[in-house]
Amino acid sequence: MPELPEVETIICGIKNQIINQEIADVIVRQRKLRWLIPRNIESKLIHSVFCKVSRRGKYLLLIANHGTLILHLGMSGKLQILPGDHLPDKHEHFAIVFANGKSLCLTDPRRFGAVLWTALNPLEHKLLASLGPEPLTVDFSADYLFSKCKNRTTKIKSLLMDSHIVVGVGNIYASEALFFAGVLPCRLAKSLTAEESAKLVRAVKEVLKKAIKKGGTTIRDYVTSDGNFGCFQNYLHVYGRTGTSCRKCNTLIEEQRLGNRSTFYCPKCQR
DNA sequence: AGTGCGGCCTGTCCGC
DNA sequence: TGCGGACAGGCCGCAC
């Protein structure tokens, strides 16, 4: 399930292969993703080139000089560079064929992903405009998180996963960051001290940075753009480890449902 | 305004 | 072996 480190890894993998490559064809096999792929997407893309690839949160931005293709991988989306003559997977819904013969292919069995086009500044797009700060910038600071936690009665894990507070922190990395900060996921946001907020901000940054270094986390679906698996799953401390012993204190890791999400924690290391 | 939940999807796994 | 149901989960959009 692509979270920020996975999206970052994918960008590294595809960037140099698609920038300045002329688009020869666009194939839409399944228009119905989270939203319909715009009808005119083909005419927007064919014969143009992407001059820049970046991301905002988990949204990938493929920037051309007349607009931006916005991609979201949902939870089962894969983005891969494949030979133009490859046999498409059953769930390959969208492909951009470049003049050099290679294709950028979106495969997404669960179809929670999205393909959008905007002619405007993508950061002003409805879906992106109200997003919170990037976790790896100075804007995501101890003071910032502490101020957002004030008076909030929601659980700290839910707040951490709210993209309007901070982007890119999904279920896996929220559990992991809370472990390293020593904070129980079910704590109310407003109960965090300034010190705990600071610890949590540091933990989020460190967990995400390390995950990017390791090429992301492969639980089931995720592969990098060259078809490899990430390897951060080998470094997880709580996520998916219910009933196994804590890597710090040997206490058994516990699991609970929080906001309809599986949540993992060490009852001794986290308070 | 803040909070919580339903809906969108399909593959996988479990129990009967 | 086959089948139904639970579960996985990002994130919008709605209801309270």
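To find a chain, count down the sequence lines: A is the first, B the second, and so on, and within it residues start at 1.
- Side-chain proximity of A/Arg261 to C/dG10, B/dT3, B/dG4: nearest is C/dG10.
- Pair check for B/dC13 finds C/dG5; Watson-Crick or G-U wobble, both atom distances under 3.5 Å.
- With ring centers used as reference points, A/Tyr239 lies 6.0 Å or more from A/Phe232.
- Map A/Asn151 and A/Asn260 each onto its nearest nucleotide of DNA chain B; the residue landing nearer the 5' end is A/Asn151.
- Contact check, A/Ser76 against B/dT10: no side-chain N or O comes under 4.0 Å of OP1 or OP2.
- A/Leu127 comes within contact range of the sugar-phosphate backbone alone, with a heavy-atom separation under 4.0 Å but no base atom that close.
- A side-chain donor from one of A/Ser262 and A/Arg257 sits under 3.5 Å from a side-chain acceptor of the other.
- If you check the side chains of A/Tyr235 and A/Lys210, you find no donor sitting under 3.5 Å from an acceptor.
- Between the side chain of A/Arg34 and the base of C/dC11, at least one donor-acceptor pair of N or O atoms lies under 3.5 Å.
- For A/Glu3, whose side chain is taken as the heavy atoms from C-beta onward, the closest listed nucleotide among B/dT10, C/dG10, C/dC12 is C/dG10.
- Heavy atoms of A/Arg111 sit under 4.0 angstrom from primed sugar atoms or phosphate atoms, though from no base atom.
- Across all strands, A/Asn171 comes closer than 4.0 Å only to sugar-phosphate atoms, never to a base (heavy-atom distances).
- Heavy atoms of A/Ser262 sit under 4.0 angstrom from primed sugar atoms or phosphate atoms, though from no base atom.
- Between A/Lys90 and the phosphate of B/dG11, there is a side-chain N or O to OP1/OP2 separation shorter than 4.0 Å.
- Of the possible donor and acceptor atoms, none in the side chain of A/Glu22 sits under 3.5 Å from a partner among the backbone N and O of A/Val49.
- Here A/Phe112 lies parallel enough and close enough to stack on the base of B/dC8, with planes under 30° and ring centres under 5.5 Å apart.
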